[in-house]
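Counting from 1, the numbers follow the sequence of the chain as shown.
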Amino acid sequence: QVQLVESGGGLVQAGGSLRLSCAASGSISSIISMGWYRQAPGKQRELVAGITSGGRTNYVDSVKGRFTVSRDNAKNTVDLQMNSLRPEDTAAYYCKMVIKEYSSTYYGDYWGQGTQVTVSS
C-alpha cells in the first residue's frame with residue numbers, strides 16, 4: 001500500500017513564503033512523475049507544478065517565477081517552494097505521484113490528503 005503524506009501548509013500574509021513537502025511510502029518500485037495541484041472553493045483542481053523523474057519541470061503561468069518544485073528521488077519526496085504569495089494562491093494543495101508498486105504491472109495515480117494554504121491580503 002502506497003501512502004502520500006503532505007506537510008507545510010498554513011496561513012501567511014501576501015508577499016510571504018511557504019514550503020510544502022510530500023513524502024511517499026510503501027511498496028514503491030518506481031515513480032515517473034510528481035506534481036502539485038490546487039483547488040480553490042468553487043473552482044476546478046489545477047496543476048500548479050510538475051516534475052519528471054529526469055528533473056524536467058512545468059508550471060502554470062500564474063506561478064512562474066514565484067514557485068519552485070523539486071524532488072528527491074532517493075527519498076521519494078517532492079517539495080514546492082512558494083514565494084511572493086498572493087491571496088489568489090489560497091487553495092487546498094495536493095501532491096500527486098505516478099507510481100508503480102512492486103505488486104503491479106502498471107503505473108497508477110496516487111494523491112496526498114491535501115494541505116490548506118491561505119494567503120491574507
Side-chain angles (χ1 to χ4, degrees):
Q1 193 80 6
V2 172
Q3 276 192 320
L4 273 59
V5 178
E6 302 159 358
S7 60
L11 173 65
V12 65
Q13 287 189 334
S17 299
L18 284 174
R19 188 177 184 88
L20 306 182
S21 296
C22 178
S25 62
S27 181
I28 297 170
S29 173
S30 65
I31 303 175
I32 288 180
S33 65
M34 300 177 174
W36 288 93
Y37 289 70
R38 66 186 179 188
Q39 187 167 20
K43 294 189 177 181
Q44 287 191 328
R45 189 172 296 189
E46 66 171 351
L47 174 65
V48 176
I51 184 167
T52 68
S53 58
R56 187 173 62 192
T57 60
N58 64 288
Y59 299 90
V60 67
D61 285 347
S62 61
V63 308
K64 285 180 180 177
R66 301 188 297 123
F67 290 11
T68 303
V69 62
S70 59
R71 65 185 283 172
D72 185 327
N73 290 331
K75 296 181 180 179
N76 293 333
T77 59
V78 60
D79 291 347
L80 185 67
Q81 178 65 43
M82 304 185 294
N83 299 327
S84 302
L85 282 160
R86 304 167 180 169
E88 54 263 39
D89 294 318
T90 296
Y93 284 71
Y94 300 87
C95 70
K96 173 193 161 185
M97 298 186 188
V98 182
I99 295 172
K100 180 181 173 302
E101 296 188 50
Y102 283 111
S103 61
S104 176
T105 306
Y106 305 103
Y107 285 87
D109 291 347
Y110 293 81
W111 292 86
Q113 80 281 5
T115 185
Q116 181 67 34
V117 171
T118 303
V119 184
S120 62
S121 57

Q. Under the side chain to side chain contact (heavy atoms under 4.5 Å, CB included) test, which residues partner Thr52, sequence neighbours left out?
A. Arg56
Identify every side-chain donor-acceptor pair in residues 22-31 under 3.5 Å, counting partners at least two apart or on other chains, and give the distances.
residue, atom, partner, partner atom, Å
Ser30, OG, Tyr107, OH, 2.6

Q. Can you list every ring pair (Phe, Tyr, Trp, His ring centres under 6.0 Å) pair that touches residues 49-88, not counting sequence neighbours?
A. none
Q) Pairs in or reaching into residues 44-76: which pass disulfide (SG to SG under 2.5 Å), with residues at least two apart or in two chains? A) none
Q: Apply side chain to side chain contact (heavy atoms under 4.5 Å, CB included) to Ser33 and list each qualifying residue two or more places apart in sequence or on a separate chain.
A: Val98
Q) Please, which pairs that meet salt bridge (charged side-chain N to carboxylate O under 4.0 Å, His left out) have at least one residue in residues 84-95, sequence neighbours excluded? A) Arg38-Asp89, Arg66-Asp89
Q: Only counting residues at least two apart or in another chain, list the ones meeting salt bridge (charged side-chain N to carboxylate O under 4.0 Å, His left out) with Lys64.
A: Asp61
Q. Say you draw a straight line from CG of Leu11 to OG of Ser120; how long is it, rounded to the nearest 0.5 Å?
A. 5.0 Å
Q | Closest approach of Ser121 to Ala14 (non-hydrogen atoms, all atoms of both residues) | A | CA-CB, 4.3 Å
Q: Mind checking side chain to side chain contact (heavy atoms under 4.5 Å, CB included) for Asp72 and listing every partner two or more places apart, or none if nothing turns up?
A: Ala74, Lys75, Thr77
(Q) For Ile99 and Asn76: C-alpha separation, side-chain torsions, deciding distance, then whether side-chain contact (heavy atoms from CB on, under 4.5 Å) applies. (A) CA-CA 10 Å; Ile99 295 172; Asn76 293 333; over 6 Å; no
Q | Interatomic spacing from CD in Gln116 to OG1 in Thr90 - rounded to 0.5 Å | A | 7.0 Å
Q) What closest approach, in Å, do Leu4 and Gln113 show between heavy atoms, and which atom pair accounts for it? A) O-OE1, 3.5 Å
**Q.** OH on Tyr93 to CG on Leu80, rounded to 0.5 Å
**A.** 7.5 Å
Q) Does any pair with a residue in residues 98-121 pass salt bridge (charged side-chain N to carboxylate O under 4.0 Å, His left out), and if so which ones, sequence neighbours excluded? A) Lys96-Asp109
**Q.** Pair listing, salt bridge (charged side-chain N to carboxylate O under 4.0 Å, His left out) test, anchored in residues 9-18, at least two apart
**A.** none
Q.
If the condition is side chain to side chain contact (heavy atoms under 4.5 Å, CB included), which residues does Arg45 pass it with, not counting sequence neighbours?
A. Tyr37, Gln39, Tyr94, Trp111
Q.
Looking at every heavy atom in both Gly108 and Tyr110, which two are closest together, and how far apart are they?
A. O-CD1, 3.3 Å
Q: Please indicate whether Gln3 has more than 12 foreign heavy atoms, meaning atoms of other residues, nucleotides or ligands, lying under 6.0 Å from its CD.
A: no
Q) Does Glu6 reach the main-chain N or O of Cys95 with its side chain, forming a donor-acceptor pair under 3.5 Å? A) yes
**Q.** Residue among Asn58, Val69, Val63 satisfying side-chain contact (heavy atoms from CB on, under 4.5 Å) with Val48
**A.** Val63
**Q.** Sequence neighbours excluded, every pair satisfying side-chain hydrogen bond (donor to acceptor under 3.5 Å, both in side chains) that has a member inside residues 8-24
**A.** Ser17-Asn83, Arg19-Asp79, Arg19-Gln81, Ser21-Asp79
